[in-house]
Structure formats: structure tokens, C-alpha cells
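Below is one structure, written out as C-alpha cells, with a few remarks after it.
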2 protein chains.
Amino acid sequence: MPTYLMPFCRVEIAVQSLIDQRLNVLLIRREEAPYKGFWALPGGVLRVDLDPDLGAAAVRVAKERLGIPPPNLCQMKTVGAKGRDPRGEAGWGLSVVYRALIAEGAATFAPGKRVTELRWVPVDELPTKIAFDHAELIAQAVNQTRSDIAKLSFPTGFVPERFTLGELQVLSEQVLGHTIDKASFRRKLRDRGLVEAIEGEQLRGSAHRPSAIFRLRRSAVQPNGI
Amino acid sequence: MPTYLMPFCRVEIAVQSLIDQRLNVLLIRREEAPYKGFWALPGGVLRVDLDPDLGAAAVRVAKERLGIPPPNLCQMKTVGAKGRDPRGEAGWGLSVVYRALIAEGAATFAPGKRVTELRWVPVDELPTKIAFDHAELIAQAVNQTRSDIAKLSFPTGFVPERFTLGELQVLSEQVLGHTIDKASFRRKLRDRGLVEAIEGEQLRGSAHRPSAIFRLRRSAVQPNGI
DNA sequence: ACAAAAGTGTTCGTCTTACACCCATGC
DNA sequence: GCATGGGTGTAAGACGAACACTTTTGT
């Protein structure tokens, strides 16, 4: 059997979060050619010695960057071409791209380790200089996230354990980038059995009617899909 | 910079077609371990020397199997794990999986070339012995195809150039596996501007009213997405 | 009493479904 | 004439958007 040369394989991750009421994506500034000085999705090399499978590789890479294992990793697509990465044979580079959505403030960046510039960037104020085809990948990740939220499919770990319906609505509106109707939002949640009130608990203390505390029903949370 | 060992990279393709009024998928019988004797999706090794990018690799592999370049190749997902393929370091195998839908009778198998058993299998009569996680991949490919057709998104090259609305409906019903309402089907096609009648052409000769001949409008065909 | 947010009901228009009905042809 | 598939209209129901409305608290 002949032996074949293989491409240089990486995993990239589009991590999104709400920062200052807006959907942001985590980007890194490249310090090496190609695209030196451009912004790119954080990622890392697939390590056949460390990673039992692709999902584990994504978890490891994300943990190196974020300090936490991201709660809802899901695969978006794979890109690969000759000339994409100088470290591969014939420049052949292959990247499996994942996305994740984390709660505001959950990430504790682990700087050092050649992560000099890791930055949250609002998705509607992206820089113009974006490396590779990552601009398109970011757009696709944002679209998928918005589509999930619009369908009331809330990724694991993005929504807090306990919340009021008002908080859930504000969160959804911030992800979607527009307001939504309160009555319709609540009716859909109720009719589809997506949330359940926590018996006897409510949030008081503000100058208005107290709100009930809810949690997601397990059937409503989107599975991990790594 | 350290050099890393890379996984063994392949491309697999779930080719679907209507055979004898039913949706079928093309499978191959494995002649080597692992999963010797099991059925699997046809595929091939990613060749960094031959393939300019991932899409081109998929086209090449499909052409080797089918004799034609498949008209509507689209990426589904990528799977990868240690122990998946003995040819990789630590058995690490990575497969980028595509799907395609071809018109009945379009494929001209190119046997020989270690393709001893290549066979169309109805998707609701799959064999029990399916290699790797290919059973799940096949199910996913079928779901995506049905979802496309249900949304009246007809992949390029699957639908004939010229057709009657009755033919298009029968084709859709065979893919979906259930009948659909004629009036609704036609109204949706009309309202969304998906098809256009070819001026002055009609199909006569049968013992009933002749039917108009239609073609897809370009805006209606699903782009290639490799 | 009043402001503010929680929570609900009701109307309206749009889209889908199911079904009934005509039309044109070959036999 | 009649069987057959092509082609269209229509009423019933499902669903979502928009808006008005009531409820309950702290001040």
C-alpha cells in the first residue's frame, strides 16, 4: 500500500458571547505570515497524540484559549485547500470549524502562551482585515446562533440555570439584534413546554410586580453535537 | 517549530438517487479490515498532490466511482477519531463527508479499480452490517435530502432540464416517501416563482389532457456548496 | 396614586391543508 | 361518453405579529 502525504490539520472555534448588551465573537490577532497582523478565529493544531477524537480536540483547543471547556460546541463546516497553510505538504491546510456560545463573563482568558491579542469584537463591527475565509465563517456562525435563538433553541450553558422570562427575552433580543413581542415569546415558550416555573420562587425587590423564576426543561436545550 | 503527526484524511460521499421509484444510496462492500464484509459509503484518500481543495477532492473521488462528476455535492460533516483507520498515526482517521443527489440512470459505474461491489440500496432497507458510523451518516444525508425537497429546494442536476409538474410531484413524493397535495404543491411553485412554463411546448400522446413543460428558474436551484 | 415591569387575551392577516371542482384529451 | 391525469378555486384551520389590557409591586 502506498503511503500518502497528509494535510496540516487544525481546529478553529468561533466563540460567541454577549458583551455590553451585544453579540461578540472572540478573535485573535495573527503574529505570523500568512495574514500577519490580520484578525482570525482562534484555533490550534489537531494532535493525534493528545486528542481521542475531533470533539475532544475542539474542547482542548477551546480550553487552552478560554480557561473553561465551552459548554455547547458544535461543528459548522470544514475548509481545506492547497496554499492555505505553509506547514502542510504543498501548503495543504485543513481546518475543522466549530462554534460555541458562552454566558457573559464565563470565560477566564488564559493569556500568555503566545496569546498576546485575544479580543471580543462585536459581530456588527468586525474589522476589515480578517484572515483566510474567516469573515465568511464568522458570518455563518452568527447566522446559526441567531437562527437557534429565533427558534427558541437555547444552547446548553448559554442561558443561566435560573432566570425570569424578562431576562430570557432581553438575552434573545440582544442576540437577534431586534426587539420581539412579549406575548408571542411567552406563549411559544408555554405552548411548547420549553420552560417551567420553579415552584414558589420569585424575584422581588424592584418597584414593580415580582417575576416568577423559570428553568429550561431538558427537552428544550440543544444537545452538544461534538 | 515542532512538527506534528497528522491523521489519515479521507473523503466519503453519500450519493443518492431514485431507483425503481425509491430513494437509494450507493454503498460499497468493504474487503479489508476494519469492518471487513460490512457496507460503507464509498470514499477515497485526500491527495494533497492532486486536489487543489476539499471540494475538488470530493469531485475526483466521486468521479472515480460514478464515472460522472456529481452535480450537487455538498458537505455534511466531518468525523475523526483515534482508532478509526489503521493507516493513520495512532490509528487516527479523519473523514470529510459529502452528499449528492443524481438523476436516475445518470451514473455509469466504473467498475474494476478495486470496486468489486458497488450497489444501490433502498434507504429504508439498509443492511444491518454498516461500517464505522456510516449508518448515522446515511440517515443524516437522507434527512437533509428530504428536507431540501420538502422546502422545494431542488439540487442542481437532480431534476431533469424539462419536466411536467406531475413528474416533479412524483419525484418529490418518491424522495419524501409520502404523497403530497397537488394544488398546494403547484401553488407554492407558482407563488415563489420557482418554475416557468416553456412557451408553446406541451406533452401530448396520453389519454388525457396534455401537460405544459416547465423548467426550473435559476433562482430556485440550490447552489453547489463545495 | 403612580410608574414600571409582569403577565394575559384578542384580533388580524398570512400561510398551509384538504378537498371539490372544471378542462382537455385518447379511446 | 368516459376514464384519466392536468390544472384551479375555496373553505377550514394553524400559526404568528401586533396591540390592548389587567396585575402586582416599591416608592
Side-chain angles (χ1 to χ4, degrees), chain A residues 21 146-154 159-160 162-217 220, chain B residues 21 146-154 159-217 219-220:
Chain A
Q21 341 291 337
R146 289 193 167 139
S147 165
D148 277 353
I149 298 297
K151 287 183 300 191
L152 303 182
S153 166
F154 298 99
V159 174
R162 303 153 78 260
F163 51 82
T164 69
L165 295 188
E167 288 164 0
L168 192 63
Q169 181 173 348
V170 167
L171 177 150
S172 299
E173 289 174 341
Q174 291 175 356
V175 170
L176 295 175
H178 61 79
T179 63
I180 51 189
D181 183 73
K182 182 171 54 164
S184 308
F185 183 69
R186 291 162 115 98
R187 181 178 32 257
K188 275 184 271 189
L189 289 173
R190 190 174 351 112
D191 292 354
R192 303 184 197 171
L194 301 180
V195 297
E196 56 189 2
I198 301 180
E199 199 64 35
E201 290 202 45
Q202 57 179 30
L203 181 67
R204 338 178 44 98
S206 40
H208 49 72
R209 176 172 172 175
S211 45
I213 307 282
F214 289 80
R215 70 164 76 93
L216 286 180
R217 301 190 67 177
Chain B
Q21 343 291 338
R146 289 191 167 142
S147 165
D148 277 353
I149 298 299
K151 286 184 300 193
L152 303 183
S153 165
F154 297 100
V159 174
E161 280 286 320
R162 304 153 75 261
F163 52 84
T164 70
L165 295 189
E167 288 165 359
L168 191 63
Q169 180 173 348
V170 167
L171 176 150
S172 299
E173 288 173 341
Q174 291 175 355
V175 170
L176 295 175
H178 60 79
T179 63
I180 52 189
D181 183 74
K182 182 171 54 163
S184 309
F185 183 69
R186 293 161 114 98
R187 180 178 32 258
K188 276 184 269 190
L189 289 173
R190 188 172 356 109
D191 292 353
R192 303 182 196 172
L194 300 180
V195 298
E196 57 188 2
I198 301 179
E199 199 64 33
E201 291 203 43
Q202 58 179 31
L203 181 68
R204 337 178 46 96
S206 41
H208 48 72
R209 176 173 171 174
S211 46
I213 308 280
F214 289 80
R215 70 165 76 92
L216 286 180
R217 302 190 64 177
S219 59

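Numbers restart at 1 for each chain; the letters A, B, ... are given by sequence-line order, proteins then strands. Fair warning: this is a prediction, and the values are worked out from it, not measured in the lab.
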5'-most by nearest nucleotide on DNA chain C - Ser211(A) or Ser184(A): Ser211(A)

Atom-pair distance (CD on Gln169(B); C1' on dT17(C)), nearest Å: 14 Å

Sort me out a list of protein N/O and nucleotides 25-27 of chain C N/O pairs below 3.5 Å, or just none if empty.
from, atom 1, to, atom 2, distance (Å)
dT25(C), O2, Ala207(B), O, 3.3
dT25(C), O2, His208(B), N, 3.3

Atom pair CZ/CZ of Phe214(A) and Arg190(A) - distance to nearest 0.5 Å: 9.0 Å

Any side-chain heavy-atom pair of Phe154(B) and Ile149(B) under 4.5 Å: yes

Interatomic distance where CG belongs to Leu203(A) and P belongs to dA6(C) [whole Å]: 9 Å

Closest contact, heavy atoms only, Leu152(B) versus Phe185(B): CD2-CE1, 3.7 Å

Terminal contacting nucleotides, 5' and 3', DNA chain D versus chain A (heavy atom, 4.0 Å): dG16(D) to dG26(D)

Side-chain donor-acceptor contacts of residues 168-176 of chain A below 3.5 Å, not counting sequence neighbours, with atom names and distances?
from, atom 1, to, atom 2, distance (Å)
Gln169(A), NE2, Glu173(A), OE2, 3.1
Gln169(A), NE2, Ile180(A), O, 3.0
Ser172(A), OG, Leu168(A), O, 2.9
Glu173(A), OE2, Ile180(A), N, 3.0
Gln174(A), NE2, Gln21(A), OE1, 3.0

Salt bridge (charged side-chain N to carboxylate O under 4.0 Å, His left out) contacts in which one or both residues fall within residues 191-210 of chain B, not counting sequence neighbours: Arg162(B)-Glu201(B), Glu196(B)-Arg215(B), Glu196(B)-Arg217(B)

side-chain hydrogen bond (donor to acceptor under 3.5 Å, both in side chains) involving Thr164(A) - partner list, sequence neighbours excluded: none

d(CG, Leu168(A); C1', dG7(C)) in whole Å: 15 Å

Flag side-chain contact, heavy atom, 4.5 Å: Ile213(B) against Phe163(B): no

Glu167(A) CD to dA4(C) C1', straight-line distance once rounded to whole Å: 16 Å

Which residues share a side-chain hydrogen bond (donor to acceptor under 3.5 Å, both in side chains) with Ser184(A), sequence neighbours left out: Asp181(A)

Within residues 173-181 of chain A: residues closer than 4.0 Å to DNA chain D (heavy atoms): Asp181(A)

Student check: side-chain heavy atoms of Ser211(B) and Leu203(B) closer than 4.5 Å: yes

Sugar-phosphate, base or nothing in reach of Lys188(A), heavy atoms under 4.0 Å: sugar-phosphate

Dump every N/O contact between nucleotides 10-15 of chain C and the protein below 3.5 Å, one line per pair.
none

